[in-house]
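Here is how names work: the chains are called A, B, and so on, in the same order as the sequence lines, proteins then strands, and each is numbered from 1. Everything quoted here is computed from the prediction, not taken from an experiment.
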Amino acid sequence: MNGGDEFGASGDLPPPLDWRFSQVFGERSAGEEVQEVDIISAIEFDKSGDHLATGDRGGRVVLFERTDSKNATGARRDLEGTDYPLRHPEFRYKTEFQSHEPEFDYLKSLEIEEKINKIRWSQTANGALFLLSTNDKTIKFWKVQDKKIKKICDINTDSSRLIGNGSVASSSNSNSTNTCLANGGLPDNSLSNDFSLQPGGIPLLRLPAVTTSHETSPVARCRRVYTHAHDYHINSISNNSDGETFISADDLRINLWNLEISNQSFNIVDVKPANMEDLTEVITSAEFHPTHCNTLAYSSSKGSIRLIDLRQSALCDSHSKLFEDTETPSSRSFFTEIIASISDIKFAKQGRYILSRDYMTLKLWDINMDSGPVSTFQVHEYLRPKLCDLYENDSIFDKFECCLSGDGLRVATGSYSNLFRVFGVTPGNTETTTLEASKNPMRRQVTTPSRPSRSLSSITRVVRREGGSPGTDGNGNTFDHTTKLLHLAWHPTENSIACAAANSLYMYYA
Amino acid sequence: MSMVDEPLYPIAVLIDELKNDDIQLRLNSIRRLSIIARALGEERTRKELIPFLSENNDDDDEVLLAMAEELGVFIPYVGGVEHAHVLLPPLETLSSVEETCVREKAVDSLCRIGSQMRENDLVDHFIPLAKRLSAGEWFTARVSACGIFHIAYPSASDMVKTELRSIYSQLCQDDMPMVRRAAATNLGKFAATIESAHLKTDIMSMFEDLTQDDQDSVRLLAVEGCAALGKLLEPQDCVTHILPVIVNFSQDKSWRVRYMVANQLYELCEAVGPEPTRTDLVPAYVRLLRDNEAEVRIAAAGKVTKFCRILNPELAIQHILPCVKELSSDSSQHVRSALASVIMGMAPVLGKDATIEHLLPIFLSLLKDEFPDVRLNIISKLDQVNQVIGIDLLSQSLLPAIVELAEDRHWRVRLAIIEYIPLLASQLGVGFFDDKLGALCMQWLQDKVHSIREAAANNLKRLAEEFGPEWAMQHIVPQVLEMINNPHYLYRMTILHAVSLLAPVMGSEITCSKLLPVVITASKDRVPNIKFNVAKMMQSLIPIVDQSVVEKMIRPCLVELSEDPDVDVRFFANQALQSIDNVMMSS
């Protein structure tokens, strides 16, 4: 395990980042109603960072591609001549496709929503992009490729003849029902005997000529559908580093698939108790280790993270490591268990650290240290007095995602009022930034950095400071539980964050 | 637009449809590529058709797969072996597409063509192709490269051979696990073509790299290569190079690796010789039989007979048998099931005395297993034990097991046991069968599940074949015919089905005297389903019975049915009448 380079040896701290607005896609004009189907429900950068995919509640996947990557010409840069060099990633719309459709499970009388729960990029091959997308029940494997537009000309059979030639002629017309018959019913033997007599072949016959234009258009094709393997709702999918397998996790089970085999999967984790009344804990998120093909982590609604070694046993119900925050909260309340539920976990790039998000905090774990998190960051401590309201309007069950920067030096996660927060994780780094998903991200920045802390006194202090009056945040702004920033992703190599505010995709760089 | 002569029209359509929008039509055209090639002639096939195919390779996978397959047998259409190399370019592009099955088919076809090519053509065209694929930008090409080295290597010059070996070694260390997996999979094939001097140096070092790979999936495939490599090496080299690796693998942290070892281990015994087998492989195998992971024990248990066949009986009794005893009461039913399916094969290996002493108690305990699959697996291999210890010893414990399975509440279990009844009957003999099992066979005819009733009818036919018509006349026919009066029409239908199956076995005479009257009575049934089944059955009886009988008994009955109020009855009756007429005409 080589994690030494991730958070560096303390000492030289990275300078705090100055975040700026970069781009917005699908920005809402004032007063515009947000359509439910347009709300973004998944964001993911690919491994190179040259592509970005978003999924929405309408079952669509939209792909963006980087415009400033290495192949961008110098001329283009001059054209765009701006005050600063075009260093930061800029993206443009590439294509979109309908990944999932609403379905109905007749056996269980259940509607299956088309909402995309997760997107994961797979290995690129032959210049084509591959990705997995999933809704509650069905995972699909997509290939997106730029296809050259081709035109066919110079065919043997004249269209005018087609009309006069009855049934045989209609075989060139793909709409006709007897097309296959005309072709399929070809009398092989009689024909082939005639041909072999002519040594030079039949000069009249010509192969269709195809002209290829230089224009290309991206075409998405569904290559495989992995279905009927989950009784509960799928919350995560994750690719293995072997490039051959992936997992899908629902509330109670994790299944292992081979990318090439869609009709068979292996159940590797099953937490379903014999009696459902004994159910105390569900799986909330699962992810493979980025390099170790046999390690995966999953989080639970009780706030624990389990590390699993696939080598140990075929059915991995027993974990090899368990990470729990053993520290008892200052005041146990009705909400203690609800807010402990982990909504997302992410491995850092090298695989030594795991970032987890529960309702109130971000926690960073070292997989070599199972006594407790390395650090804990308060995301919106000012909400603690309002947990009761949040419970009433179900906001307390919102599932916020989290992400780490490619260098592992910073982490980010979302909050309410379309805010998201970025924390520095290097020991001694107190960098804490609050940004708003808008064209002016720094509008609401909290100037006083709240130290990442595990000590109780500081929590109460933060509460006291930030929870001034109900319904307002630290800056006195009213907080809005309906505008929540659940999904965000950090570019794998640069300091750039993509985040979703309802139907809009905002991009920031530093 | 050109005009095509009338007789050529279909072929012209076929050619045009290579580019049709409808994938089904493109697929059809590709499947008939040989016809197109013949129409164009060899030269134009080489100069036009093949380049056309090379350029148009962004089609759907189904079409590409068909193309890859067709090109593999295309040598005759391009003018024979001396022109075979023109087929390489389209297959080269096909072997680098993303879809695995297309690539695999293209590699197959490349190998097939390569193995027919002349040596200098291989040097000029095939070897450069292998090199190009190995240096491919995308892993897909490099994966395919691994699969054609064994064709390219033998005809290469010494210098090129050295180069090819070093390229393969790079493939074994490729960044992409997919490429390393392909290299591991094909290592055995490639090694088989390599001179023994290089085998020990170059190939063994590649093998060692693969066995130490980070990815479990690569190591798994390296295990598979162990046996193949072992067979190529001299026994002493095998002992020094392969044996330590396999013993290591048998204690690998990953259960999947150990699972592979459990499956492969017996194949290595021959390669290393008896002494190392005794000292190293037997202990390794015993460890696997006692592995913590049930999947590994399943694999090991499944190979217990194959392994014992290689060992001498004393070793088997001393080391393997104790483990077998433990496995027969394993906590996992799947382990017991795997053991039950092979353990019978140990009887001939151990001989009669050891079988009675050691194996018989295990058979008996497995026959009483709570899990029906275990019992079924024992019963299915009964003939093997019978040869060694005779049925008398077994029959006492066998019968309760059979009866219990025959009445199992899962119909699939009942179905499975019915399928073994003829085997049991032949082993147990007529006497035993009459006493105990006859009644069961009749009982199944009235099972609640259709599949069981159908299998029961079939079973009666097989029993009649086994024991002969006379026995059947006594023990089957009367009981069956009695049931034709069952109040439920579905059961009556089963009986009709049984009768129609029995008729060909029983012969013309018995059919006319015993079976036909029953069928004719059934034609007056009140249920139309029975009546049209009678009509169908009569049609099947026509060839069995004498023509006079057909005219006298069957035809009147069918004529009556052909005037039935029910449309289906009329249809099948008329169909049967028609086939009578056809038989008359032909005779």
With sequence neighbours excluded, tell me which residues meet salt bridge (charged side-chain N to carboxylate O under 4.0 Å, His left out) with A:Asp146. A:Lys94
Specify which of A:Asn126, A:Thr124, A:Leu310, A:Asn240 makes the most heavy-atom pairs with chain B at under 4.5 Å. A:Asn126
Of the backbone (N, CA, C, O) and the side chain (C-beta and beyond), which part of A:Thr245 lies under 4.5 Å from a heavy atom of chain B, both, or neither? neither
Side chain, backbone, both or neither: which part of B:Asp216 has a heavy atom under 4.5 Å from chain A? both
Below 4.5 Å from any heavy atom of chain A, which atoms of B:Leu18 appear? Answer side chain, backbone, both or neither. side chain
Atom group of B:Leu27 that falls short of 4.5 Å from chain A, counting heavy atoms: neither
Could you tell me which non-hydrogen atom of B:Asp61 sits nearest to which non-hydrogen atom of A:Arg223, and how far apart they are? OD2-NH2, 2.7 Å
Side chain to side chain, B:Met176 and A:Gln123, heavy atoms closer than 4.5 Å: yes
Of all heavy-atom pairs linking B:Ser217 and A:Glu244, the shortest is CB-OE1, 3.7 Å
If every non-hydrogen atom of A:Asp309 is compared with every non-hydrogen atom of B:Lys253, which pair is closest and at what distance? OD2-CE, 4.4 Å
So B:Asn292 and A:Ser313, do their side chains get closer than 4.5 Å, heavy atoms only? no
To the nearest 0.5 angstrom, please state how far the CG atom of A:Asp242 sits from the CZ atom of B:Arg181. 5.0 Å
Shortest non-hydrogen contact from B:Trp138 toward A:Ala125: CE3-CA, 3.8 Å
Name the region of A:Gln312, side chain, backbone, both or neither, that has any atom closer than 4.5 Å to a heavy atom of chain B. backbone
With side chain to side chain contact (heavy atoms under 4.5 Å, CB included) as the test, would you mind laying out the steps for A:Ser241 and B:Gln215 before giving the verdict? CA-CA 8 Å; A:Ser241 57; B:Gln215 291 286 345; 3.2 Å; yes
Are there residues of residues 92-108 of chain B that reach to under 4.5 Å of chain A by heavy atoms, and which ones? B:Ser96, B:Val97, B:Glu98, B:Glu99, B:Thr100
Neighbour count >12 (heavy atoms, 6.0 Å) for atom OH, B:Tyr259: no
Note: vs chain A, highest number of non-hydrogen pairs under 4.5 angstrom among B:Asp60, B:Asp214, B:Asp252 is B:Asp60
